[in-house]
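Throughout, protein chains are lettered first and strands after them, A, B, ... in sequence-line order, and every chain is numbered starting at 1.
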Amino acid sequence: MGSRASSLLREEDIEEIKKETGFSHSQITRLYSRFHSLDKGENGALSREDFQRIPELAINPLGDRIINAFFPEGEDQVNFRGFMRTLAHFRPVEDNEKNKDPSAGEPLNSRNNKLLFAFRLYDLDRDDKISRDELLQVLRMMVGVNISDEQLGSIADRTIQEADTNGDMCISFSEFIKVLEKVDVEQKMSIRFLH
Amino acid sequence: MESYLFPFDNLLCMLLGISFTVWFTLLLVFIIVPAVFGVSFGIRRLYMNTLLKIFEWATLRMERGAKEKNQQLYKPYSNGIIAKEPASLEQEIQEMRRSGSGLGGAEFDMSDIFYFCRRGVESIVDDEVTKRFTAEELESWNLLTRSNYNFHHISTRLTVLWGLGVLIRYGILLPLRYSGGVVTVLCFSGRMKSFLSEKVHLMCYRICVRALTAIITYHDSENKPKNGGICVANHTSPIDVIILASDGCYAMVGQVHGGLMGVIQRAMVKACPHIWFERSEVKDRHLVAKRLSDHVADKSKLPILIFPEGTCINNTSVMMFKKGSFEIGCTVYPVAIKYDPRFGEAFWNSSKFGMVNYLLHMMSSWAIVCSVWYLPPMSREEGEDAVQFANRVKAAIARKGGLADLLWDGGLKREKVKEVFKEEQQKLYSKVLVGGEED
């Protein structure tokens, strides 16, 4: 009876989430229903196991990294606010938002924040740079056992060589942005939410 | 003390007597007699149409109520929360590379991660599998508390209607169905075994059907399963058995259960030869297959009824068919069953509700409305293996019933997905990376 969940979300909460993330009222209630249906323990928060129960996510080679992105440093549970905050990164960028009040802070779904999300998927130890080791580990997750260590190593070296501009053999966030400046990040990292 | 209780006592007895007689007459006239003769009064269709009109009115009232308060009504996501791209892994990654560096080469690009990232988050928001294991959400409210999402928008008039609904469902429909069920079980009991013929068998199921207020439409009855074949159908609830068996005789296959189910199973086996397995035997697939083949080889035996999904799915999709029944090599008669969820949710969410809870919900719904399509018989073709045959049958059933055809295993309701599928994804991506260099 997860559909009853929409009545557990108060109007004030919906308004706050609307301001913070930019989702519409109906999108928030639908996503709350989804959050509730994933929450098997019915304690108002999702654990890593709740995410792993989704078969399509479990077979995604980067499934664990994506799940990790939902959980703040050192925590094992994510509540609905946190869930929405992370999902907000994938909202499409709308034109009228670009003219919004700059003092309101950068919206969660800006190009920069989308790139930061992807950067953090690579950056395993959260030290704001991608080392050769981290790149290798993520590559290994994506290809499984199908590519040899040497081949993978050379792919990693080539990638770092192309991206690294300050010679520290790591990719920092600004170098990351530079490498991807021609990619249509807004479209590739957006999900079409229906109203 | 007793002197002034006496007239009340008399009145009470009289009232009880009258209501019992009325109730029993209703039972007899509307359920048992038509079931025996196999005729219909058409009352159930009238009931169904009236209910639909009431539901529409109720939804309109709620929308009006919501507009007055200037709030929004919760709309179920029957169209999906998001729109997904159907493109494959290779297509998307090549497209990304082409737009980025203008090379489209086979080498790794840091933007490759976007594909996996987006797909992953899309599946968190809306995936094809987990939503099949909970009841479908309805567009309009059907006056059952269990399917209401907009509590605060109900006006007084609507509450009165809902209260009336509760009275009718729990006061009239539920006892009626319960007694109907009791009558059926009695029919099946040992005493009748020597006299049970095909006609009586059908009659018992028909009593059940009427008692449940099940309104079933059978399509294409010329394709009904014949002796010596296997009938396969999509599985939504234990009621599927009653629905199919009231229109034809089948031999059932299944595990031996304990409790209420076990009693019913033992009673049924005295009527005609069913195939019940011990749990330990089920693990031995060869034994199961042998018993099934022996049964179908005997042309005098009834067609076997099997639900190859292996578990209850919520009737919006058909999930992977287990290949066991398709290996036997006899004619398969596919049947598609589609319930109308507006009148009562027939789906049994066995991980959330037990059997008794489910029966209570089901017996206190408005009605069980469904359509049954008998599809033309299929056999395994030359060069087709059991899995391909199973998928072909599954596709035909899904198409006819208007259900989504999924490759996922219904067993995912309880178990984790196999590692093998993740390895397939990894292999696909590796091909994109190095495939170009090898060519």
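Only the backbone of A:Arg53 has a heavy atom closer than 4.5 Å to any heavy atom of chain B. For A:Phe35, no part lies under 4.5 angstrom from a heavy atom of chain B.
Under a cut-off of 6.0 angstrom, the local environment of NZ in B:Lys422 is crowded, with over 12 non-hydrogen atoms contributed by other residues, nucleotides or ligands. Around CD of A:Gln161, the count of heavy atoms belonging to other residues, nucleotides or ligands within 6.0 Å does not exceed 12. With a 6.0 Å radius and a threshold of 12 heavy atoms from other residues, nucleotides or ligands, A:Arg120 has its CZ atom at or below the threshold.
Expressed to the nearest 0.5 Å, how far CD1 of A:Ile147 lies from NZ of B:Lys427 amounts to 12.5 Å. How far CZ of B:Phe133 is from OG of A:Ser37: 13.0 Å, rounded to the nearest 0.5 Å. Within the model, atoms NZ of A:Lys182 and OG of B:Ser111 stand 12.0 Å from one another, a figure rounded to the nearest 0.5 Å. Atoms CD1 and CZ, from B:Ile124 and A:Arg34 in turn, are 8.5 Å apart once rounded to the nearest 0.5 Å. Between atom OH of residue B:Tyr429 and atom CG of residue A:Leu62 there is a gap of 8.5 Å, rounded to the nearest 0.5 Å. Once rounded to the nearest 0.5 Å, the distance linking CG of A:Leu180 with CD1 of B:Ile113 reads 10.0 Å.
Looking only at heavy-atom pairs under 4.5 Å with chain B, the residue among A:Gly63, A:Ala163, A:Ser190, A:Ala69 that has the most is A:Ser190. Note: B:Gln425 leads B:Glu424, B:Lys416, B:Arg119, B:Gln425 in heavy-atom pairs under 4.5 Å with chain A. Counting heavy-atom pairs closer than 4.5 Å to chain B, the top residue among A:Val185, A:Leu31, A:Ile66 is A:Ile66. For chain A, the option among B:Glu122, B:Glu128, B:Arg118, B:Met110 with the highest count of heavy-atom pairs below 4.5 Å is B:Met110. Note: A:Leu139 leads A:Leu38, A:Val179, A:Leu139, A:Ile67 in heavy-atom pairs under 4.5 Å with chain B. Most heavy-atom pairs under 4.5 Å with chain B: of the set A:Gln52, A:Met189, A:Met142, this distinction falls to A:Met142.
Closest approach of A:Met141 and B:Gln426 over heavy atoms only: O-NE2, 2.8 Å. The two residues B:Asp109 and A:Tyr122 come nearest to each other via the heavy atoms O-OH, 4.4 Å. Across every non-hydrogen atom of B:Ser430 and A:Val143, the tightest pair is OG-O, 3.1 Å.
Between B:Asp112 and A:Lys188 there is no salt bridge, since no side-chain N of the basic residue sits under 4.0 Å from a carboxylate O of the acidic one.
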*A:Arg192 and B:Ile82: side-chain contact (heavy atoms from CB on, under 4.5 Å), yes or no, with the steps?*
CA-CA 5 Å; A:Arg192 284 191 287 158; B:Ile82 53 180; 5.7 Å; no
_side-chain contact (heavy atoms from CB on, under 4.5 Å) between A:Leu121 and B:Cys117, intermediate numbers included_ = CA-CA 9 Å; A:Leu121 286 180; B:Cys117 189; 3.5 Å; yes
*Start with the C-alpha gap between B:Val125 and A:Phe90, add the side-chain angles, then the distance that decides, and say whether side-chain contact (heavy atoms from CB on, under 4.5 Å) holds.*
CA-CA 11 Å; B:Val125 175; A:Phe90 290 85; over 6 Å; no
*Taking it one step at a time, do B:Asp127 and A:Leu57 satisfy side-chain contact (heavy atoms from CB on, under 4.5 Å)?*
CA-CA 9 Å; B:Asp127 77 302; A:Leu57 187 62; over 6 Å; no
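With a 4.5 Å cut-off on side-chain heavy atoms, B:Tyr115 and A:Asn60 do not count as touching. Contact of the B:Val129 side chain with the A:Ile54 side chain is not registered, since no non-hydrogen atoms from C-beta on lie closer than 4.5 Å.
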